Amino acid sequence: MSLKECYVSLEGDYEDVLGRLRSERLVQKFVLKFLNDGSYDLLCRSLESGDYGEAFRAAHTIKGVCQNLSFTKLYASSNQLTEALRSGWSQKAAGLVEQVKQDYEQTVAAIRELQKETGA
C-alpha cells in the first residue's frame, strides 16, 4: 500500500496534506506517529469515568491532529464530537462517540496496513 492508497482507505485528502507538508517522507513520518498518539485512549478513558472536560480536550486534540494530517473523515466526526462536548455530556455527544470510534478504527487500520507494507 502506498501512502496515497492509505489516504484513500482512511478517506483523507492526500493532495491537501502533501501541499501543506511538501514531502511524502514527512507526511508518512507524521501519519505513522499517529499510531502512538494517546488522545483516543484518553478520550475513551475520560468518557468511561465521566470526565467530560477531559474528554472534550482529547476530542479537540484528535480533531486538530486530523485536520493537520488531512484525515478528512475522522476530522469531521471528531469535530462534531468536540462541539457536542463543549458544553458537557449530552445525547448528541453519546450518538457521536460511536461514529468517532468507527472512523478512528478505519484510520488506524489503514495506517497499520501502510506500516506493515512499508516495513516502517
Side-chain angles (χ1 to χ4, degrees):
M1 168 183 283
S2 70
L3 183 59
K4 190 171 189 174
E5 291 168 331
C6 177
Y7 266 80
V8 169
S9 182
L10 62 80
E11 298 183 48
D13 189 335
Y14 175 77
E15 297 302 325
D16 184 60
V17 72
L18 191 58
R20 184 177 308 107
L21 297 181
R22 302 244 179 245
S23 160
E24 186 169 301
R25 188 180 55 104
L26 194 57
V27 172
Q28 182 169 319
K29 174 184 172 183
F30 286 113
V31 166
L32 293 173
K33 281 185 174 231
F34 184 79
L35 296 174
N36 298 321
D37 183 88
S39 300
Y40 180 74
D41 290 334
L42 178 60
L43 174 65
C44 293
R45 286 192 318 271
S46 300
L47 290 170
E48 286 175 16
S49 69
D51 186 346
Y52 301 119
E54 192 66 24
F56 166 78
R57 284 185 285 286
H60 193 275
T61 300
I62 294 166
K63 174 189 87 161
V65 170
C66 290
Q67 185 174 31
N68 288 332
L69 291 174
S70 300
F71 292 171
T72 310
K73 186 174 185 181
L74 182 54
Y75 166 76
S77 61
S78 61
N79 181 48
Q80 290 176 334
L81 180 59
T82 298
E83 293 309 312
L85 288 171
R86 190 173 292 280
S87 56
W89 188 247
S90 65
Q91 283 301 105
K92 182 177 181 180
L96 292 168
V97 169
E98 186 59 34
Q99 186 62 53
V100 169
K101 179 180 179 183
Q102 290 172 10
D103 295 347
Y104 180 83
E105 290 173 359
Q106 176 183 353
T107 299
V108 167
I111 296 169
R112 285 191 178 127
E113 186 65 26
L114 172 69
Q115 184 180 46
K116 183 175 83 175
E117 291 191 20
T118 62

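Hydrogens, waters and symmetry mates play no part in the numbers below; they use all other heavy atoms, side chains included. The model shown is predicted, which means the values in this text are computed figures rather than measured ones.
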| field | L47-V108 co-clustered via ILVMFWY side chain contacts under 4.5 Å | value | yes
| Quick one: side-chain contact (heavy atoms from CB on, under 4.5 Å) partners of A110, sequence neighbours excluded? | C6, S9, L10
| Are L74 and L3 co-members of a hydrophobic cluster defined by side-chain heavy atoms under 4.5 Å apart? | yes
| task | State yes or no: do V65 and V97 share one hydrophobic cluster built from I, L, V, M, F, W and Y residues joined by side-chain heavy-atom distances below 4.5 Å, directly or via other members? | result | yes
| said: Considering only residues two or more places apart or on different chains, which pairs with a residue in residues 77-88 satisfy salt bridge (charged side-chain N to carboxylate O under 4.0 Å, His left out)? | reply: E83-R86
| query | At what distance, to the nearest 0.5 angstrom, does CG of L21 lie from NZ of K29? | reply | 10.5 Å
| query | Quick one: does V100's side chain get under 4.5 Å of L43's, heavy atoms only? | reply | yes
| Any pair counted as salt bridge (charged side-chain N to carboxylate O under 4.0 Å, His left out), so long as it reaches residues 5-26, sequence neighbours left out | K4-E15, E11-K73, D16-R20
| task | State, to 0.1 Å, how close V17 and N68 come at their nearest heavy-atom pair, and which atoms those are. | result | CG2-O, 3.8 Å
Solution key, residues 31-40 side-chain donor-acceptor pairs under 3.5 Å, sequence neighbours excluded:
{"from": "D37", "atom 1": "OD2", "to": "S39", "atom 2": "N", "distance (Å)": "2.9"}
{"from": "D37", "atom 1": "OD2", "to": "S39", "atom 2": "OG", "distance (Å)": "2.7"}

Exercise answer: donor-acceptor pairs, residues 52-59 side-chain atoms, under 3.5 Å, sequence neighbours excluded:
{"from": "E54", "atom 1": "OE1", "to": "R57", "atom 2": "NE", "distance (Å)": "3.3"}
{"from": "E54", "atom 1": "OE1", "to": "R57", "atom 2": "NH2", "distance (Å)": "3.0"}
{"from": "R57", "atom 1": "NH1", "to": "G53", "atom 2": "O", "distance (Å)": "3.3"}

| request: Could you point out which residue of K63, Q99, Q67 forms a side chain to side chain contact (heavy atoms under 4.5 Å, CB included) with S78? | output: K63
| message | Run the side chain to side chain donor-acceptor pair (under 3.5 Å) test against S77 and tell me which residues pass, sequence neighbours left out. | response | D103
| field | For T61, side chain to side chain donor-acceptor pair (under 3.5 Å) partners two or more places apart | value | none
| task | Say whether L69 and V8 are linked into one hydrophobic cluster, either directly or through other cluster members, by side-chain heavy-atom distances under 4.5 angstrom. | result | no
| Taking only residues two or more places apart in sequence, or in another chain, which ones meet Y7 in a ring pair (Phe, Tyr, Trp, His ring centres under 6.0 Å)? | Y14, F71
| request: Could you tell me the separation between the NZ atom of K92 and the CG atom of L85, rounded to the nearest 0.5 Å? | output: 10.5 Å
| Contacts of Q91 that satisfy side-chain contact (heavy atoms from CB on, under 4.5 Å) - sequence neighbours left out | none
| note | Correct closest heavy-atom pair for Q28 and T118 would be NE2-OG1, 3.9 Å
| field | N79 CG to I62 CD1 distance, which is reported to the nearest 0.5 Å | value | 12.0 Å
